[in-house]
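When reading the values below, keep in mind they use all heavy atoms of this one structure, side chains included, and skip hydrogens, waters and symmetry mates.
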2 protein chains.
Amino acid sequence: MEERGLDDRELHAWRSFFRMQEVLRGRIEQQLQAANGLSNADYTVLVALADDPAGRARLVELGRFLGWEKSRLHHQLTRMCKRGLVRRESAATRAMFVVLTPEGRDALEKAAPCHAAHVRRLTIDPLTDEQIDQLAEISTAILANLEADQQPSR
Amino acid sequence: MEERGLDDRELHAWRSFFRMQEVLRGRIEQQLQAANGLSNADYTVLVALADDPAGRARLVELGRFLGWEKSRLHHQLTRMCKRGLVRRESAATRAMFVVLTPEGRDALEKAAPCHAAHVRRLTIDPLTDEQIDQLAEISTAILANLEADQQPSR
DNA sequence: ACCGATGAGTTGATATATCAACCAGCTCGT
DNA sequence: ACGAGCTGGTTGATATATCAACTCATCGGT
């Protein structure tokens, strides 16, 4: 009576995947929040910035890298600015940068091992080595398809 | 320099999974919204309600079934009430129910095939039959672990 | 030089999710 | 009977995500 077009096997796969992803995301979020006062979005931005040796990135680049809408990024950054995790810097020529502040770097370094352990416990440990690779392959397959299918923009 | 504790293989699996899940969820949401004016949350609730022959469910039950916090469910339902998709009904004895309205059932029936097709296109089609089963197994493994690990509440 | 298009960035409105506090009624042990 | 604690439900505050509209440069062509 719903989701016709998927047979039982497919429907089951989809539903368990979706449920799993939902719960997992929630747990990760809570853990980061409780232990480090960071949202997952915060953490993601921090990690991305730390990729750069100077902890600096242009807004567009960052947005493209994260696959985020510009406005989402903007709001996120203003929140992070308010908390002193990053700082905006306007270059001479019509370009905006974000820089990791020392506090931001600190927060990241404190959170990282804890987060990693949590991710491991929740998603790596319950899987066999094979399954880990399968998950990676499945994910990239779906991702590739998503990127092909429509929306090259962003 | 981040997420120590995961080796490259694991990190790669985690990141592609996470990215995939993020993009996928966004697409599904957009599609449902654009084509049927429903959020994924709306849709989920509608499907859950339609499980019952009378399209009725007790709040607690529904919450438990969806794995949602009571307050999340509450807010969601008031939004859906406002749009006429469901109706609240208070039983005599301190128990709250939600009922699918005809409009709600309608919306669901209109959305379902379209949604199913979209899910299929985005997540089933790019995978082999084997991978579909693998995904189901992986998901249930992680889910089982999540449910074991802490939080029996909700 | 000008106009239109595009791209980066900003803003505000709205929808959604999460959290903590609260308000009944119920139940249970004393 | 009474108070402590539990459960189901509600509320409001806040954080986050999404969307549309807007500004302001820059660029290309004429």
Side-chain angles (χ1 to χ4, degrees), chain A residues 21-46 57-83 85-98 151-154, chain B residues 21-45 57-83 85-86 88-98 151-154:
Chain A
Q21 159 268 0
E22 207 168 30
V23 179
L24 180 55
R25 147 187 288 279
R27 285 292 180 82
I28 299 272
E29 190 78 41
Q30 288 177 327
Q31 194 277 335
L32 261 171
Q33 196 60 253
N36 308 96
L38 296 175
S39 70
N40 190 61
D42 295 332
Y43 186 80
T44 311
V45 170
L46 292 178
R58 221 194 130 176
L59 286 209
V60 206
E61 305 293 345
L62 188 53
R64 217 179 322 268
F65 178 70
L66 297 172
W68 287 7
E69 259 191 308
K70 53 190 182 172
S71 117
R72 176 181 181 186
L73 182 59
H74 180 86
H75 290 307
Q76 178 67 37
L77 289 180
T78 50
R79 282 188 300 262
M80 293 179 76
C81 274
K82 230 170 271 170
R83 286 182 294 146
L85 296 170
V86 299
R87 206 175 47 245
R88 270 183 231 264
E89 270 180 19
S90 45
T93 136
R94 191 76 267 107
M96 270 284 146
F97 287 82
V98 234
Q151 256 105 307
S153 71
R154 226 160 239 271
Chain B
Q21 161 269 359
E22 207 167 29
V23 178
L24 180 56
R25 145 188 289 280
R27 285 292 181 81
I28 299 272
E29 190 79 40
Q30 288 177 327
Q31 194 277 336
L32 261 171
Q33 196 60 251
N36 307 97
L38 295 175
S39 69
N40 190 60
D42 295 333
Y43 186 81
T44 311
V45 170
R58 215 186 139 183
L59 287 209
V60 207
E61 306 293 345
L62 187 54
R64 217 179 321 269
F65 178 70
L66 297 172
W68 287 7
E69 259 191 307
K70 53 189 182 172
S71 117
R72 177 181 182 187
L73 182 59
H74 180 85
H75 289 309
Q76 178 65 38
L77 289 181
T78 51
R79 282 188 300 262
M80 293 179 76
C81 275
K82 229 169 272 171
R83 288 182 293 144
L85 297 169
V86 299
R88 270 182 231 264
E89 273 181 17
S90 45
T93 133
R94 194 75 266 108
M96 270 286 143
F97 286 83
V98 235
Q151 257 101 307
S153 70
R154 225 162 238 274

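Nucleic acid contact class of R88(A) (heavy atoms, under 4.0 Å, all strands): sugar-phosphate only. S39(B) comes within 4.0 angstrom of the backbone, heavy atoms only, and of no base. Here Q76(B) lies in heavy-atom contact (under 4.0 Å) with sugar-phosphate atoms only.
Distance, L24(A) CG to dA17(C) C1': 17 Å, rounded to whole Å. Rounded to a whole Å, the CG atom of L77(B) is 12 Å from the P atom of dA17(C). Residue Q31(B) contributes atom CD, which lies 17 Å from atom C1' of dC19(D) at whole-angstrom precision. Rounded to whole Å, the distance from CG on L73(B) to C1' on dG8(D) is 11 Å. Counting to the nearest Å, the C1' atom of dA17(C) and the CD atom of E22(A) are 11 Å from each other. Between R72(B) atom CZ and dA20(C) atom C1' the separation is 18 Å, expressed in whole Å. Atom CG in L62(A) sits roughly 12 Å away from atom P in dT10(C) (whole-Å rounding). Between Y43(A) atom OH and dT16(D) atom P there is a gap of 16 Å when expressed in whole angstrom units.
With hydrogens and angles left out, the side chain of H74(B) and the base of dG8(D) share no donor-acceptor pair within 3.5 Å.
Between R79(B) and the phosphate of dA15(C), there is no side-chain N or O to OP1/OP2 separation shorter than 4.0 Å. Checking the phosphate oxygens (OP1, OP2) of dA17(C), no side-chain nitrogen or oxygen of R25(A) falls inside 4.0 Å. Residue Q30(B) places no side-chain N or O under 4.0 Å from the OP1 or OP2 atom of dA17(D).
Just one of L38(B), V98(B), V45(B) meets the side-chain contact (heavy atoms from CB on, under 4.5 Å) condition when paired with M80(B); it is V45(B).
At a cut-off of 3.5 Å, with distance as the only test, no side-chain donor of N40(B) or Q33(B) sits close to an acceptor on the other residue.
Note that NZ of K70(B) and CE of M96(B) are 14.5 Å apart. Values are rounded to the nearest 0.5 Å. Here CG of L24(B) is found 8.0 Å from CD of Q21(B). Values are rounded to the nearest 0.5 Å. The line from OH of Y43(A) to CD of E29(A) is 13.0 Å long, rounded to the nearest 0.5 Å.
Comparing M96(A) and Q33(A), the nucleotide of DNA chain C nearest to each residue sits closer to the 5' end for M96(A).
Looking at the side chain of V60(B), the nearest of the listed nucleotides dT18(D), dG8(D), dA13(D) is dG8(D). Closest to the K70(A) side chain, of the nucleotides dT10(C), dT11(D), dA17(D), is dT10(C). Nearest to the side-chain atoms of L59(B) among the listed nucleotides dA8(C), dT10(D), dT16(C) stands dT10(D). With distances taken from any side-chain atom of S71(B) to the nucleotides dA8(C), dA20(C), dG8(D), the minimum falls on dA20(C).
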